[in-house]
Amino acid sequence: MPRLPVLCRASVAGALPRFLLLVLLASVLAGCAQSIVHLVYSAPKETITPRAGAPTVCVVAFEDRRGKDEIGQRRDGGLFLAHADVTGWVSRAMADELARTGLTVTYTSDIGQAKASNPDYIVTGVIDEIWLTESSLTRYASSMRVTISLLRGNGSYITKNNYSSTFSKTVIPMSDVPQSMLSEGLIDLLRPAARNIERLAQ
């Protein structure tokens, strides 16, 4: 009886569509999405010098009113949890974005300390929503809402505004997708806020 040819793994792999192989490999690397998400802010980190005569702005750590620790839901019903403080992540990103507009920016955790530093303006905020939804291996959605207030240096209010960011995306499943989605959502959320504050802080 003639011997049947044995197909090596390489020949089988070569018969599969390249994109399918990529998705299969990526899904293994992703581990079906990590439950613990590293909170990063991926805006460019170039050094920006405050412009001459720029107002001083002190950002106070935002208040977290979400009422929960989790920051999203996986497609299997599990939850995404943050590896670090959500308040610090959002607040320091706000300070970074304001600095990018050319303002002189400081950061503190307490409104009293902010007033004591005698800045021209104070920025406070409330985190209303930070949520990531993994609906499939390749589909994610991000939803964020914050309320940001601009105060004079003595603590009197100038304005309070609501900002939101909602978007969905088809991705190649990798382990860093959740953190990338949240970083992208936060940039989309805070840049309009920074531009508005920079316009008012004159």
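- Inter-residue side-chain proximity for R66 and I127 is flagged as met; some heavy-atom pair is nearer than 4.5 Å.
- Within the 4.5 Å cutoff, the side chain of Q113 has heavy atoms near those of the S109 side chain.
- Looking at F80 and I36, their side chains never come closer than 4.5 Å, going by heavy atoms from C-beta outward.
- For the residue pair V90 and L190, the shortest heavy atom distance occurs at O-CD1, 3.8 Å.
- Between E184 and K169 there is a salt bridge, since at least one side-chain N of the basic residue sits less than 4.0 Å from a carboxylate O of the acidic one.
- A salt bridge does not link E70 with K68: none of the charged nitrogens is closer than 4.0 Å to a carboxylate oxygen.
- Every salt bridge (Lys or Arg N to Asp or Glu O under 4.0 Å) that R51 has, sequence neighbours left out, goes to E198.
- Although no hydrogens or angles enter the test, the distance criterion places a donor-acceptor pair under 3.5 Å between the side chain of E134 and the main chain of R75.
- With S183 contributing its side chain and S42 its backbone, the two residues share a donor-acceptor pair below 3.5 Å.
- Cluster membership check: I71 shares its hydrophobic cluster with V171, using side-chain heavy-atom separations under 4.5 Å among Ile, Leu, Val, Met, Phe, Trp and Tyr.
- Side chains of V146 and L189 form a contact here, defined as non-hydrogen atoms less than 4.5 Å apart.
- Looking at heavy atoms from C-beta onward, Y121 lies in side-chain contact with L150 at the 4.5 angstrom threshold.
- At distances below 3.5 Å, at least one donor-acceptor pair connects side-chain atoms of D120 with backbone N or O atoms of T56.
- Using a 4.5 Å heavy-atom threshold, the side chains of T108 and C58 count as touching.
- The closest donor-acceptor contact from the side chain of W131 to the backbone of S142 lies at 3.5 Å or more, if one exists at all.
- Atoms CG and CG, on L81 and L79 in that order, are 6.0 Å from each other to the nearest 0.5 Å.
- Using a distance-only test at 3.5 Å, with no hydrogens or angles considered, a donor-acceptor pair links the side chain of H83 to the main chain of L39.
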Begin from the C-alpha positions of Y41 and R92 and carry the test side-chain contact (heavy atoms from CB on, under 4.5 Å) through to its verdict.
CA-CA 9 Å; Y41 193 60; R92 292 186 181 278; over 6 Å; no

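- Residue-environment remark: CG (D110) exceeds the threshold of 12 foreign heavy atoms within 6.0 Å.
- In plain terms, the two heavy atoms of S143 and T166 that are nearest each other are OG-OG1, 3.8 Å.
- In terms of modelled atom types and a separation under 3.5 Å, the side chain of Y140 and the main chain of F167 share no donor-acceptor contact.
- Here the closest non-hydrogen pair linking W89 and I130 is CZ3-CG2, 4.1 Å.
- Donor-acceptor pairing under 3.5 Å is recorded for the side chains of R139 and S168.
- Contact between N161 and N196 at its shortest, heavy atoms only, is ND2-ND2, 3.4 Å.
- Under the 4.5 Å side-chain heavy-atom criterion for Ile, Leu, Val, Met, Phe, Trp and Tyr, I122 and V126 are members of distinct hydrophobic clusters.
- Side-chain contact between L200 and I197: absent, with no pair of heavy atoms (C-beta onward) separated by less than 4.5 Å.
- Hydrophobic clustering, with ILVMFWY side chains joined whenever heavy atoms are under 4.5 angstrom apart, keeps M94 apart from I111.
- Remark: the backbone N or O of Y157 is paired with a side-chain donor or acceptor of R152 at under 3.5 angstrom.
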List the steps, then state whether side-chain contact (heavy atoms from CB on, under 4.5 Å) holds for V177 with M174.
CA-CA 6 Å; V177 168; M174 299 293 287; 4.3 Å; yes

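- S91 places no side-chain N or O within 3.5 Å of a backbone atom of G88 that could act as its donor or acceptor partner.
- Residues V123 and L151 form no side-chain contact, since every pair of their non-hydrogen atoms from C-beta on lies 4.5 Å or further apart.
- Contact record, M144 with G185: SD-C, 3.6 Å, taken as the closest heavy-atom pair.
- Both L132 and Y163 sit in one connected hydrophobic cluster of ILVMFWY residues. Membership requires side-chain heavy atoms under 4.5 Å apart, directly or through other members.
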Show, in sequence, the C-alpha distance, side-chain angles and deciding distance for D128 and T147, and conclude whether the side-chain contact (heavy atoms from CB on, under 4.5 Å) test is met.
CA-CA 7 Å; D128 300 304; T147 302; 3.0 Å; yes

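- Under the 4.5 Å side-chain heavy-atom criterion for grouping Ile, Leu, Val, Met, Phe, Trp and Tyr, I187 is not connected to V40 through any hydrophobic cluster.
- Of all heavy-atom pairs between G102 and A54, the closest is O-CB, 3.2 Å.
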